[in-house]
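Encoded as structure tokens, the structure appears first; notes follow it.
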Amino acid sequence: MNGAIGGDLLLNCTDMSVLERQRAHLKYFNPSFDSPLAGFFADSSMINGGEMDGFLATAGLNLPMIYGETTVEVDPRMSIPLETTLGTGNFKKRKFDTVTKDCNEKKKMMNREEVTEGEEEEKSKITELNNGSPKSIKKMKIKAKKEENNCSNDSSKVTKELEKTDYIHVRARRGQATDSHSIAERVRREKISERMKFLQDLVPGCDKITGKAGMLDEIINYVQSLQRQIEFLSMKLAVVNPRPDFDMDDIFAKEVVSTPMTVVPSPEMVHSGYSHEMVNSGYSNEMVNSGYVHFNPMQQVETSSDPLSCFNNGQAPSMWDSHVQNLYGSLGV
Amino acid sequence: MASADKLINTYVPEKDVFALHFLQSLSNLRTQNPLNSPDKSIDRVRKIKKAAYVSMARAAGGTSRLWSRALLRRAAKDDNKSVRFSRRKRKVTWKISSKRKRSNQRAPVVEEAAERLRNLVPGGGGMETSKLMEETAHYIKCLSMQVKVMQCLVDGLSPK
């Protein structure tokens with residue numbers, strides 16, 4: 001924030017903080033915030049107690065009028081620094097709430113009222129604001145929130161902002177701690193529970209279990225079981241692998257040349273176009289050579305003498321040609 | 001949850017990709033020990049298992065996921081090789097230390113389970129709990145995919 005706001009301009013105006021607040025609200029509710037003035041006025045009704053209604057409602061026309069306006073309760077010069085600071089608005093709140101928009105409309109109808117907040121408070125708020133730290137913004141907004149009427153109380157239910165920038169600005173709920181730590185903590189907890197829900201969908205059989213602890217245990221068990229399965233299957237594969245004493249080249253040639261005579265024709269195998277002369281040893285290289293990198297659901301394994309049709313998922317072999325070429329190349333040794 | 005999917009990127013490639021990588025690694029294994037005397041079965045198992053994990057990590061996204069990166073690095077270290085990492089989009093943040101210092105209110109239940117999870121998921125040691133859960137989700141998906149592939153293989157190869 002620029003410290004461009006002249007001290008003297010700020011000091012006497014009790015509405016300053018409210019205006020700043022409104023600016024924050026404005027940024028909060030109007031993502032496409034171009035004209036400081038436009039939003040400025042739209043947001044006038046955000047603050048309850050109608051402190052600023054008068055000022056902004058009348059000044060909703062244009063700036064010069066504010067200058068000339070003598071009946072306005074607030075120092076018209078206030079508008080200038082606000083305008084400058086509005087332009088710099090480094091507020092990153094973007095959330096759009098239609099409920100509060102309606103409230104804005106309603107509040108614009110309300111009469112002006114006196115500003116009630118104490119000056120000291122204002123000053124501190126202002127300086128906080130000028131520093132532009134997200135925490136002060138939160139606090140400020142929280143204070144503003146507490147002053148709002150029913151209509152905007154609905155908006156207080158909403159707590160989370162869309163994360164579009166580096167900061168996540170969160171509005172504290174009514175009656176909850178507004179300590180920045182606890183807010184961050186709550187955000188984090190919500191993140192975690194959201195991810196837990198996601199994991200719940202992923203892990204089978206987790207719908208019945210409620211509670212984080214049980215869920216997490218279940219997840220851990222699942223991961224462990226998957227890892228064990230991999231180990232088990234790799235053991236099986238090691239067993240299934242043949243003795244490495246057959247002639248690779250021979251098999252290579254046989255596979256490329258021979259036609260699928262011995263094979264039970266199935267649609268997938270026709271697609272593959274390679275022979276299935278499967279030596280019993282069934283080493284993985286053969287699978288590679290014969291281009292059986294198509295994968296199939298398990299059911300089809302029994303139907304053919306080609307044990308590798310299980311990999312066939314009916315895709316056109318052309319997709320694998322380049323891969324297969326490479327593999328051929330590597331095995332051409 | 002459809003909405004969660006948008007926030008958490010858990011895209012896992014098709015089975016074919018995993019299969020291809022796995023077969024490639026197996027064929028590499030083969031060429032490494034062409035006609036030597038067969039290894040002891042334990043070694044063979046270990047090699048195949050390692051090939052399975054490495055191929056899974058590669059298929060799942062190479063160095064673009066934390067767990068796969070950690071897995072590959074671990075594997076490369078064992079073989080005294082080096083892994084080439086693509087440049088990461090985000091710099092490593094120091095979130096961990098600062099966050100942990102600040103607040104003592106981490107739910108102990110969750111954290112204790114997270115510790116166990118960290119031991120299971122590769123690369124989990126340096127992650128915040130929320131990030132850990134993202135990685136776990138992706139890891140689970142990839143693991144199940146790899147299991148399917150290997151199951152297919154075994155069934156295909158086992159004698160009738």
Inter-residue atom distance [X].[atom1] - [Y].[atom2], 0.5 Å rounding:
{"X": "B:L117", "Y": "A:Q224", "atom1": "CG", "atom2": "CD", "result": "9.5 Å"}
{"X": "B:E112", "Y": "A:D217", "atom1": "CD", "atom2": "CG", "result": "8.0 Å"}
{"X": "B:L153", "Y": "A:S234", "atom1": "CG", "atom2": "OG", "result": "11.5 Å"}
{"X": "A:K236", "Y": "B:M150", "atom1": "NZ", "atom2": "CE", "result": "11.0 Å"}
{"X": "A:I192", "Y": "B:K131", "atom1": "CD1", "atom2": "NZ", "result": "13.5 Å"}

**Item:** Verdict with reasoning, A:R188 to B:T129, per side chain to side chain contact (heavy atoms under 4.5 Å, CB included)
**Value:** CA-CA 9 Å; A:R188 191 183 149 271; B:T129 304; 3.6 Å; yes
Can you tell me which portion of [X] sits under 4.5 Å from chain B's heavy atoms? Options are side chain, backbone, both or neither.
{"X": "A:M196", "answer": "both"}
{"X": "A:L202", "answer": "side chain"}
{"X": "A:I230", "answer": "both"}
{"X": "A:Y222", "answer": "side chain"}

**Prompt:** What residue, out of A:L216, A:L226, A:V203, A:I219, has the most heavy-atom pairs lying under 4.5 Å from chain B?
**Reply:**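 When all of A:L216, A:L226, A:V203, A:I219 are compared, A:L226 has the most.
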**Asked** A:Q227, A:Q200, A:M235: which one forms the most heavy-atom pairs within less than 4.5 Å of chain B?
**Response**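 Top option by heavy-atom pairs under 4.5 Å: A:Q227.
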**Max heavy-atom pair count under 4.5 Å with chain A, selected residue of B:E14, B:K49, B:Q146** = B:K49
